[in-house]
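Some notes on the structure that comes next.
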Amino acid sequence: MCSSDLPILRSLLCTMIQPNLTVLCLKNLSSLNSVSQNVFEEFRGFLTSALPLLPRLASLTLCSHNSRNSLPQCTDEHLALLGLHCHHLHYLDVSFNKGITGEGVRKLVPGPGVPGCPGLTRLLLFDCAVFEKELARVVPALPLLEYLGYKETGKVIKSLHRAVEEGGQAFKALSLTHVDNLGSKARRLIASTLRCKKPVALAISLLCPGVKNLKLRVADDDCFHLAGLEKLEALELVYHVGSLGSPGPGTAALLQARGSLLTSLAIKCNSLTMSMLVTIAETCPGLAQLWARCNHLLAPWEPEEQVLRPHPHLANLHTLYFRVGENELAVTDRKSVV
């Protein structure tokens with residue numbers, strides 16, 4: 001985009017700004033691909049002047065490509081404006097904006113002279129320059145927050161739980177229903193630090209009693225500690241915590257305890273056995289989606305009787321994704337959807 005296009009873009013954006021506007025989604029600006037620095041400056045200037053004029057804004061989408069060269073883009077300055085002028089906001093997506101830091105996110109929290117955005121229910125911060133300890137100070141001040149788009153949410157909850165135990169933070173259950181602790185490839189990924197060990201599982205169970213959707217890195221033994229989560233509906237388990245692992249007795253115990261509520265299950269592992277697939281079928285009667293990726297499928301040479309006999313299991317299944325390969329990302333065998 002060249003500078004001669006700027007008046008057209010700015011005029012178009014300005015026509016969208018009305019005092020009664022409640023939803024503003026600028027995600028499609030990313031289709032402009034790479035733009036020059038003066039375009040960024042014009043867009044940021046537009047955003048700076050527009051946000052104070054939108055007191056009823058409830059939903060704002062400013063997610064960009066994971067790139068420094070595409071629109072839309074925003075900074076901490078814009079989050080500060082949201083905290084001052086858009087206190088009805090309940091949905092905010094600023095993912096992939098490298099100019100967003102923990103300092104900016106704190107501007108969304110109500111404080112002296114700042115209304116903030118206390119009604120936020122969904123806050124998406126994928127691949128921004130925000131760290132878990134900073135979010136641990138923000139999340140308790142957003143009492144309605146159900147979804148935090150952040151791939152180290154488990155570490156956020158662990159940090160918050162530690163603060164509670166040390167007396168630096170009062171105990172208060174969170175409203176989070178989704179916890180993603182798989183880690184982002186955009187940051188240095190150290191799988192062992194993302195492992196859902198007992199302290200992380202305990203923190204989730206105590207601070208997030210309403211959690212329904214979990215995405216975790218685990219070893220099989222870790223699964224025992226997740227059996228206390230009574231409202232699980234969707235579960236994604238990656239058995240990679242520095243080295244590849246496989247589901248076993250811990251996973252079976254978790255499915256025995258909570259499989260009756262699951263509607264979606266995803267497993268990524270080294271080896272998957274027919275016995276584990278039978279356990280999934282028998283313990284998860286309401287399963288609608290089953291996703292499995294493994295290096296090896298361990299099946300007996302002779303068909304097992306329990307597999308061959310007629311059964312009523314997985315009657316609600318409408319999506320089956322099955323992938324067997326030489327490693328987590330290679331595909332050498334099969335993929336099927338029914």
Side-chain angles (χ1 to χ4, degrees), residues 27 63 91 93 95 121-122 124 126 146-149 151 153 176-182 196 204 208 210-218 220 223 226-227 229-240 245-248 250-300 303-325 327-338:
K27 180 180 179 180
C63 61
Y91 177 95
D93 185 356
S95 298
T121 59
R122 297 176 71 86
L124 283 67
F126 293 113
E146 296 179 355
Y147 181 87
L148 178 63
K151 287 181 174 290
T153 303
L176 289 177
T177 58
H178 292 61
V179 174
D180 183 341
N181 206 48
L182 296 181
C196 185
I204 293 173
C208 306
V211 67
K212 297 179 180 179
N213 188 312
L214 280 182
K215 297 182 178 182
L216 301 172
R217 287 183 177 269
V218 296
D220 180 64
C223 295
L226 299 172
L229 300 173
E230 299 180 350
K231 298 186 178 181
L232 277 183
E233 296 178 2
L235 182 62
E236 180 176 343
L237 298 175
V238 177
Y239 294 80
H240 192 331
S246 305
T251 306
L254 171 59
L255 294 176
Q256 290 283 353
R258 298 299 167 213
S260 61
L261 295 178
L262 289 181
T263 59
S264 179
L265 176 64
I267 288 177
K268 185 190 294 186
C269 63
N270 184 35
S271 299
L272 190 61
T273 65
M274 288 301 295
S275 176
M276 180 56 62
L277 290 174
V278 170
T279 298
I280 292 171
E282 291 179 341
T283 59
C284 305
L287 211 59
Q289 299 182 358
L290 176 59
W291 311 78
R293 295 170 60 180
C294 60
N295 291 350
H296 311 286
L297 176 64
L298 304 182
E304 295 178 342
E305 180 183 352
Q306 60 180 338
V307 175
L308 289 177
R309 67 174 182 261
H311 61 79
H313 305 308
L314 301 179
N316 295 313
L317 195 68
H318 62 68
T319 299
L320 172 63
Y321 177 95
F322 206 87
R323 177 165 142 178
V324 179
N327 55 55
E328 279 191 300
L329 301 178
V331 180
T332 61
D333 196 345
R334 62 179 68 89
K335 171 183 175 181
S336 60
V337 178
V338 296

Any side-chain heavy atom of [X] within less than 4.5 Å of one from [Y]?
| X | Y | value |
| --- | --- | --- |
| Leu290 | Phe322 | no |
| Arg258 | Lys231 | no |
| Cys294 | Ile267 | no |
| Arg217 | Leu182 | yes |
| Leu262 | Thr283 | no |
| Tyr321 | Arg293 | yes |

Pairwise distance [atom1]([X]) to [atom2]([Y]) - rounded to 0.5 angstrom:
| X | Y | atom1 | atom2 | result |
| --- | --- | --- | --- | --- |
| Asn213 | Glu146 | CG | CD | 12.5 Å |
| Cys269 | Asn295 | SG | CG | 7.5 Å |
| Cys196 | Leu226 | SG | CG | 5.0 Å |
| Leu232 | Leu261 | CG | CG | 8.0 Å |
| Lys215 | Leu237 | NZ | CG | 12.0 Å |
| Leu272 | His296 | CG | NE2 | 11.5 Å |

Looking at every heavy atom in both [X] and [Y], which two are closest together, and how far apart are they?
| X | Y | value |
| --- | --- | --- |
| Thr177 | Gly210 | CG2-O, 3.7 Å |
| Pro247 | Ser271 | CD-O, 3.6 Å |
| Cys223 | Gly250 | CB-O, 3.4 Å |

Given the rule in the side-chain hydrogen bond (donor to acceptor under 3.5 Å, both in side chains) test, do Asp180 and Thr153 qualify, once you have shown the distances and angles that lead to the verdict?
CA-CA 6 Å; Asp180 183 341; Thr153 303; over 6 Å; no

Name the orientation class of the two ring planes belonging to Tyr147 and His178 (parallel below 30°, tilted from 30 to 60°, perpendicular beyond 60°).
perpendicular

Side-chain donor or acceptor of [X] paired with backbone N/O of [Y] under 3.5 Å:
| X | Y | value |
| --- | --- | --- |
| Thr273 | Leu298 | no |
| Asn270 | Ser246 | no |
| Asn316 | Gly286 | no |

Please lay out, stage by stage, how Val218 and Thr251 fare under the test side-chain contact (heavy atoms from CB on, under 4.5 Å).
CA-CA 10 Å; Val218 296; Thr251 306; over 6 Å; no

Run the salt bridge (Lys or Arg N to Asp or Glu O under 4.0 Å) test against Lys212 and tell me which residues pass, sequence neighbours left out.
none

